[in-house]
Each structure stands twice: as C-alpha cells, then as structure tokens.
2 protein chains.
Amino acid sequence: MPTSRSYRDSCGIARALDVVGERWALLVVRELLLTPQRFSELRHALPHVSSNLLADRLRELEHNGVIRRSPAGSRVYELTERGRGLEPILVALGDWGIDVPQPPGPAALSATSVLIFLRGAARPDPAAPPTTCRLELGGRVWTVRMASGRVEVQAGEPATAAVSIRTEPTTLSALLNDPARLASACADGSAAVVGDMSAVERLLRSVQDGGNNSSPMSTSLSGSAK
Amino acid sequence: MPTSRSYRDSCGIARALDVVGERWALLVVRELLLTPQRFSELRHALPHVSSNLLADRLRELEHNGVIRRSPAGSRVYELTERGRGLEPILVALGDWGIDVPQPPGPAALSATSVLIFLRGAARPDPAAPPTTCRLELGGRVWTVRMASGRVEVQAGEPATAAVSIRTEPTTLSALLNDPARLASACADGSAAVVGDMSAVERLLRSVQDGGNNSSPMSTSLSGSAK
DNA sequence: CTGGATCCACTGCGATACTG
DNA sequence: CAGTATCGCAGTGGATCCAG
C-alpha cells in the first residue's frame with residue numbers, strides 16, 4: 001500500500017520531497033536516468049530494496065508523473081519529462097555525496113551508478129578523435145562514446161566500436177580509481193577487452209586527469225572491492 | 001535515538017541520501033540556508049516535526065558534518081561548509097517541486113521558504129538604483145537588497161533602508177503572486193509598510209515579471225491562504 | 001521560558017514466503 | 001517475470017514530562 005504522508009508545507013522543496021522524498025524513491029529515479037528498466041532489472045540494481053516496497057515506489061512515482069510504463073500497461077518503466085528534470089539534481093547530489101564516507105561492509109554498485117559517475121568525471125582529450133566503445137556491464141550492453149571532451153553513455157549496441165569491454169560495475173569502478181590495474185584485471189578474467197586496448201586506457205585515464213581540477217571526485221566511488 | 005540505516009550502496013547519490021535522506025533532514029537544512037537558528041525557531045518554522053525527531057535530526061546532521069553549533073556547545077545551529085554545499089541542490093529541488101500540486105489542507109510556510117523563493121524568482125530592473133528594504137517576517141528582521149538585477153537576503157537589521165515592511169510569510173507569498181493586493185493588505189493590517197511604498201511595489205512586481213522567462217515559478221508557492 | 005528527554009501508538013519499512 | 005501477502009520491527013508522530 002503506497003505511502004501517503006505529506007510535509008504539509010507549501011515550499012517547493014517540501015513539495016518535491018513529498019513526491020521523491022520517500023525511501024528508495026530517488027534511487028529508483030537514478031536507475032532510470034540512462035535507460036528504461038524492467039522490475040527485475042531494478043531489483044538487481046537495488047538489491048537491498050524489498051519487492052513490495054519497490055512495487056509501492058513505482059506506483060507512487062507513476063501516480064505522481066515522475067515515471068511511466070514504456071508502452072502504457074507494460075512492465076518497462078521509464079522517466080517522464082518531469083522525472084528527467086531530476087537528472088541535474090541527482091548528479092549534483094552525487095557530487096556532494098562523493099566525500100561522504102563509504103558505508104561499512106559490502107556495498108552495492110549498479111551499472112547505472114558507475115556509468116553516471118564515468119560520464120560526469122571523464123574529461124577525454126578534446127583534440128583526440130572521437131572513439132566509440134562497446135561496454136558489457138551488469139548483463140547489459142552500453143555504448144560509450146568519447147567526443148569533444150566529454151563522454152556520452154547510451155544503452156544498447158553501438159553501430160561500430162573501436163573496442164569491446166566486458167566486466168562488472170565493481171571492477172570498472174576500481175579501474176576508474178586505478179587504471180594501472182587494467183592489465184591484471186584482464187589477466188584474472190574480471191575484465192575482458194577485445195579491440196583497441198589503448199582506447200580503454202584513454203577512457204580510464206581521462207577520469208583520473210579530469211577529476212582533479214573541475215570536480216571533487218578524487219576519492220571516487222570505489223566499491224568495497226570485496 | 002538517531003537513525004542508523006544505510007542504503008549500502010557505493011554510489012555518491014546513495015551516500016548523500018544516507019546523510020540527508022531521512023525524513024525532515026533536508027527541510028532542516030533549508031531552514032538554515034539564510035541564517036543560523038535556534039531549536040525553538042526551527043520548531044516554529046517546521047510546525048509538524050516532533051521535538052524528539054528534530055533533536056534526532058540535529059544530532060545526526062551535526063555528527064555527519066552538515067551542521068554545527070554556532071559557538072560550539074551552544075544551542076544555535078548553523079550550516080558547515082559541507083552543509084552549505086547543499087544550497088544549489090535545494091534551490092534546484094525547490095524549482096522542480098514548484099509544479100507539484102499543493103498539499104490538501106492547511107500548509108506551513110516558513111519565512112526562510114518565502115525568502116528563498118523571493119531571492120530566486122525576483123528579477124529587479126538592473127538599471128534601477130540599488131534599494132535596501134527592511135523586512136520583519138515571522139518575528140525576525142531581514143535585510144532585502146535589490147541590486148544589479150537580483151535580490152540578496154540577509155538576516156538582521158539593515159544599516160539604512162528605503163522602506164520597512166512587516167507581515168507574515170503567508171501574506172508575503174500571496175503578495176508575490178498578486179502584487180495588486182498590497183493596498184488591501186495594508187488596509188486590513190496583514191501588512192504594514194513604512195517608507196517608500198513604491199520600492200515595495202517594485203520588489204513584488206519583479207517576481208511577476210522575471211518569473212515567466214527564466215524559471216518555472218509562475219504558479220508559485222502560494223500557501224492555502226486560510 | 002527554552003531545549004530538549006521520555007513514553008506510547010502507529011505506520012512505513014525490511015525480510016521472507018508465496019502466487020498469477 | 002512481476003509482482004502480492006504476511007509479519008516483526010524500526011522510525012515516526014504526538015503528547016507529556018523534565019532540567020537549566
């Protein structure tokens with residue numbers, strides 16, 4: 001049964017929190033920032049949310065016009081225009097949260113989380129030629145493109161790609177913190193690269209280089225690499 | 001007893017929400033955006049929060065470095081540098097929440113809420129000479145200054161002022177929506193103006209004029225004017 | 001009087017089990 | 001796969017009480 005409790009405050013901030021302030025709500029929105037997702041995909045990305053609560057949140061967010069079913073009535077959830085308006089807020093909140101101490105114990109890390117971080121922190125050389133990477137992460141395929149000094153991320157297969165990478169979010173996060181581990185990750189099988197290895201190195205290093213000057217992301221979001 | 005429950009997610013967004021995602025936490029931060037406040041002032045601004053919960057939140061936010069006691073050990077709470085980093089996020093969230101339907105029934109509206117809205121929505125004529133207004137709102141005195149096309153708000157008495165206004169947050173909010181009511185508000189005593197009445201009109205109208213083109217605040221945050 | 005602490009009822013949440 | 005059903009408990013809301 002969906003939550004119905006309000007701050008009873010006219011302020012826009014309070015009204016926003018009436019809609020997206022319940023527990024897990026903003027993390028559901030986060031998961032939908034890059035691509036529509038199914039119920040089971042959301043559960044996989046948010047392993048600590050219980051199924052009934054996820055169902056409640058999806059109902060509430062849909063009722064409040066933040067998300068919708070992709071073909072109406074289906075089980076694929078996507079952001080509405082209004083929901084997409086939360087994107088800059090979530091990105092800013094993520095920047096703010098970077099220097100909050102890591103929670104103790106093992107922590108989840110979804111593909112979407114790492115990719116949003118990558119997209120925001122990477123500063124590829126604007127002079128370098130555009131490069132497209134195919135990335136298989138958390139059971140989905142993503143298109144990661146370095147162009148004009150920034151990184152774009154899309155769900156789905158690229159038309160063409162200089163390189164294909166397969167790994168898990170935790171490993172990718174570790175590599176973003178320390179690109180030098182790429183060789184050993186390939187060696188022990190936690191990452192697999194086919195194609196132009198130097199493109200991968202450029203991608204990883206562009207986070208290291210760019211992170212220092214323009215945003216407070218140096219500590220990064222390295223998962224407790226279990 | 002303070003809350004200790006984590007999303008157990010390495011993502012910066014989740015870690016931010018571990019700190020400021022609990023109920024009422026961001027509204028406490030909101031109240032401290034313009035000036036340090038005492039426990040009783042926070043209770044007055046947030047009439048629906050229970051005293052034990054407010055005490056819990058203050059403890060947690062202090063423990064997490066978002067707020068501190070103004071002279072350490074006192075009962076005046078203020079934002080830390082880290083806490084102030086939430087300001088742009090809260091402002092953006094407030095913009096987003098503007099077109100969330102007003103909650104049913106009577107709603108609270110703190111002085112801080114109205115002033116943050118005023119500051120963000122007002123677009124005074126950049127060509128007009130700077131003007132300082134003294135504003136007595138919700139039992140505190142504020143300095144509101146129109147200069148170089150925007151409005152600055154500070155707590156405390158101005159050194160000099162073109163006009164002094166005394167009213168309540170709800171009334172001010174109604175006037176921001178409809179400056180034409182200023183005369184009747186003065187007549188029935190819900191607002192009192194001493195000094196340059198035209199300065200007040202300029203301030204109020206600058207919200208109407210500026211709100212349309214640059215931000216989505218036309219529906220405003222009018223309280224249920226009971 | 002401010003600045004809380006204590007007690008209690010309730011409901012949203014978390015975990016597990018189960019169903020169309 | 002996409003949820004629903006159930007249950008114990010933590011977090012919340014509200015009232016009252018207490019210390020400086």
Peer 1: Rounded off to whole Å, could you give me the CG-to-C1' distance for the A:Asp18 and D:dT12 pair?
Peer 2: 15 Å
Peer 1: So does A:Glu87 pair up with A:Arg119, basic N to acidic O under 4.0 Å?
Peer 2: yes
Peer 1: So, is B:Trp24 near the phosphate of D:dG11, with a side-chain N or O under 4.0 Å from OP1 or OP2?
Peer 2: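 Checking B:Trp24 against D:dG11: no side-chain N or O falls below 4.0 Å of OP1 or OP2.
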Peer 1: If you take atom types as modelled and just measure distance, does the side chain of A:Ser51 reach the base of D:dT4 with a donor-acceptor pair under 3.5 Å?
Peer 2: yes
Peer 1: Looking at every strand, decide which applies to A:Arg5 at a 4.0 Å heavy-atom threshold: base, sugar-phosphate, or nothing.
Peer 2: sugar-phosphate
Peer 1: Rounded to whole angstroms, how far apart are CD on B:Glu41 and P on C:dT2?
Peer 2: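 In whole Å, C:dT2 P and B:Glu41 CD are 10 Å from each other.
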Peer 1: Provide, to the nearest angstrom, the distance between the CD atom belonging to A:Glu22 and the C1' atom belonging to C:dC13.
Peer 2: 11 Å
Peer 1: Could you tell me the separation between the CG atom of B:Leu46 and the P atom of C:dG3, rounded to a whole number of Å?
Peer 2: 15 Å
Peer 1: What is the distance from NE2 of B:His44 to P of C:dT2, rounded to the nearest Å?
Peer 2: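 Roughly 11 Å, once rounded to whole Å.
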Peer 1: What's the closest nucleotide to the B:Leu53 side chain, out of D:dG3, C:dG3, D:dG13?
Peer 2: D:dG13
Peer 1: Within the structure, does a side-chain N or O atom of B:Arg23 lie under 4.0 Å from either OP1 or OP2 of D:dG13?
Peer 2: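 Indeed, a polar side-chain atom of B:Arg23 lies that close.
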Peer 1: Testing the 3.5 Å rule here: is there a donor-acceptor pair between the side chains of A:Glu31 and A:Thr112?
Peer 2: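 Checked: A:Glu31/A:Thr112 side chains pair up, N/O donor to acceptor below 3.5 Å.
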Peer 1: Distance check: side-chain N/O of A:Arg57 vs OP1/OP2 of C:dC13, anything under 4.0 Å?
Peer 2: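 For C:dC13, OP1 or OP2 has a side-chain N or O of A:Arg57 closer than 4.0 Å.
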Peer 1: Would you say A:Ser40 reaches D:dA2's phosphate, i.e. side-chain N/O to OP1/OP2 under 4.0 Å?
Peer 2: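 Yes, within the criterion.
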Peer 1: Side chain of B:Arg59 only, please: which of C:dA17, C:dA5, D:dT6 is the nearest?
Peer 2: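 Ranking C:dA17, C:dA5, D:dT6 by closest atom to the B:Arg59 side chain puts C:dA5 first.
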Peer 1: Using whole Å, report how far CZ of A:Arg75 lies from P of D:dC1.
Peer 2: 13 Å
Peer 1: Closest nucleotide of DNA chain D for A:Ala55 versus for B:Ser50: which of these residues is on the 5' side?
Peer 2: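 Result: A:Ala55.
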Peer 1: Quick check for you: to the nearest 0.5 Å, what is the distance between A:Cys186 atom SG and A:Leu175 atom CG?
Peer 2: 8.0 Å
Peer 1: Does A:Asn52 get its side chain close enough to the base of D:dT6, under 3.5 Å, for a donor-acceptor pair?
Peer 2: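 Present.
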Peer 1: Write down the atom of A:Val19, the atom of A:Leu61, and the distance for their closest heavy-atom approach.
Peer 2: O-CD2, 4.0 Å
Peer 1: Do the side chains of B:Glu60 and B:Arg57 get close enough for a salt bridge, i.e. N-O under 4.0 angstrom?
Peer 2: yes
Peer 1: Whole Å only: how far is the CG atom of A:Asp56 from the C1' atom of D:dT6?
Peer 2: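 Whole-Å distance recorded here is 14 Å.
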Peer 1: Has A:Tyr77 got a side-chain N or O lying under 4.0 Å from the OP1 or OP2 atom of D:dG3?
Peer 2: yes
Peer 1: Any side-chain N or O of B:Arg43 below 4.0 angstrom from OP1/OP2 of C:dG4?
Peer 2: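 B:Arg43 to C:dG4 OP1/OP2: no side-chain N or O under 4.0 Å.
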Peer 1: Would you indicate which nucleotide in D:dA2, C:dA5, D:dG11 comes nearest to any side-chain atom of A:Arg38?
Peer 2: D:dA2
Peer 1: Rounded off to whole Å, could you give me the CG-to-P distance for the A:Asp9 and D:dG13 pair?
Peer 2: 13 Å
Peer 1: Could B:Asp18 and B:Arg15 be called an ion pair, given the rule that one side-chain N must be under 4.0 Å from one carboxylate O?
Peer 2: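 Judged by the 4.0 Å cut-off on N to carboxylate O distance, B:Asp18 and B:Arg15 do not form a salt bridge.
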Peer 1: Would you classify A:Arg8 as touching base, sugar-phosphate or nothing, given that sugar-phosphate means primed atoms plus P, OP1 and OP2, and contacts are heavy atoms under 4.0 Å?
Peer 2: sugar-phosphate
